[in-house]
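Below is one structure, written out as structure tokens; the observations come after it.
Only this structure's heavy atoms are used, side chains among them; waters, hydrogens and symmetry mates stay out.
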Amino acid sequence: MEQSLILWATDVLWGLLFAVVAVFLLVAGVYMTVGPALRQGRAERRVARSLHKAGLTCLNDLVLKGRHGGLCQIDHLVRLPTGLVVLETCMRSGRLIGRRGARVWRQDLGLEIYHFGNPLLRLNRAMTAVRAALAEADAEDLTVTGQVLVPGRTQFPRGRPEGVAPLGPFLQELRAADADGSAPSASVEQAWTALHDAGLARHRGGPGSWSAMPRRALRRLMADQRTATGVVFLGAGGLMLLALAVGTGLMA
């Protein structure tokens with residue numbers, strides 16, 4: 001009798017531990033998926049509106065093939081008469097401290113301090129993905145540059161790293177470069193069409209299948225390392241809860 005009670009209590013404790021881990025993974029997955037997507041989404045929409053008002057031709061939220069068979073999300077890609085410009089949004093105000101090659105930067109908002117990934121590293125990955133897509137389209141000789149955009153009020157007390165620019169002034173530079181009167185060359189047009197067609201999360205037109213929209217949404221999530229980790233946590237937590245429910249049903 002005592003041995004059976006001990007075995008029953010042990011099974012209950014293991015079940016509770018399994019359930020706690022599953023719930024933790026689900027909560028962490030929601031936090032890592034929804035939070036960054038909402039925050040970054042607002043920043044990207046703000047920049048997209050600014051690009052549209054400036055009259056620039058651009059692709060927003062472009063997902064391309066990344067390194068080692070993965071995915072890479074490009075916030076904004078602008079077409080100029082002489083080449084392409086990759087833009088990475090970092091709409092963080094206050095005081096930013098970070099070096100070009102550092103893995104983590106710091107945001108100082110007085111009493112609050114936040115750490116976040118170096119946006120220049122994300123920009124480099126995005127530019128690599130764009131160049132790889134151009135190489136597949138036989139347009140690798142096209143000029144591809146990049147810039148990280150921050151709010152105009154953002155301060156860099158230790159100096160602003162090369163490759164980072166305030167949103168307003170840099171958009172003026174892009175508009176000036178686009179308004180020089182020259183039309184995009186044939187190679188630029190070809191490359192632009194190829195990149196648009198290479199987008200893995202863009203609407204292709206037509207009715208499409210019922211699963212097209214979920215696939216595009218999943219590709220957008222998996223193209224970012226933060227949200228991709230959240231998706232993995234959600235899947236693992238969901239499978240654990242499902243296994244627990246099935247096991248409990250079989251024991252009942």
Let me confirm one number: the [atom1]-[atom2] distance from [X] to [Y], rounded to the nearest 0.5 Å.
X: Cys58; Y: Asp178; atom1: SG; atom2: CG; answer: 10.5 Å
X: Thr89; Y: Glu44; atom1: OG1; atom2: CD; answer: 4.5 Å
X: Leu123; Y: Asn118; atom1: CG; atom2: CG; answer: 9.5 Å
X: Arg79; Y: Trp192; atom1: CZ; atom2: CH2; answer: 6.5 Å
X: Leu87; Y: Thr145; atom1: CG; atom2: OG1; answer: 8.5 Å
X: Met127; Y: Glu88; atom1: CE; atom2: CD; answer: 11.5 Å

Specify the closest pair of heavy atoms between [X] and [Y], including all atoms of both residues, with the distance to one decimal.
X: Pro151; Y: Cys90; answer: CD-O, 3.6 Å
X: Ala126; Y: Val86; answer: CB-CG1, 3.9 Å
X: Leu195; Y: Ala133; answer: CD2-CB, 3.6 Å
X: Leu80; Y: Ala177; answer: CD1-CB, 4.1 Å
X: Phe18; Y: Met240; answer: CE2-O, 3.1 Å
X: Leu134; Y: Ala191; answer: CD2-CB, 3.4 Å

Applying a strict under-4.5 Å side-chain criterion to I, L, V, M, F, W and Y, I'd like to know whether [X] and [Y] cluster together.
X: Leu120; Y: Phe156; value: yes
X: Leu17; Y: Leu244; value: yes
X: Val148; Y: Val104; value: no
X: Val21; Y: Phe24; value: yes
X: Met91; Y: Leu174; value: yes

* So with a 6.0 Å cut-off around CZ of Arg158, is the heavy-atom count from everything else above 12? -> no
* Asked: More than 12 heavy atoms of other residues, nucleotides or ligands under 6.0 Å from CZ of Phe233: is that the case?
  -> no
[X] side chain vs [Y] backbone, donor-acceptor pair below 3.5 Å:
X: Asp108; Y: Gly94; result: no
X: Arg100; Y: Glu162; result: yes
X: Trp105; Y: Arg99; result: yes
X: Gln107; Y: Ser93; result: yes
X: Arg131; Y: Val144; result: yes
X: Asn60; Y: Ala48; result: no

Mind checking whether [X] and [Y] have side chains closer than 4.5 Å, heavy atoms only?
X: Ile97; Y: Pro157; result: yes
X: Val30; Y: Leu26; result: no
X: Leu51; Y: Leu56; result: yes
X: Val164; Y: Thr154; result: no
X: Leu64; Y: Ile74; result: yes
X: Arg46; Y: Leu167; result: yes

* Asked: Is the NZ or CZ atom of Arg92 positioned over Tyr114's six-membered ring, under 6.0 angstrom from the centre and within 45° of the axis?
  -> no
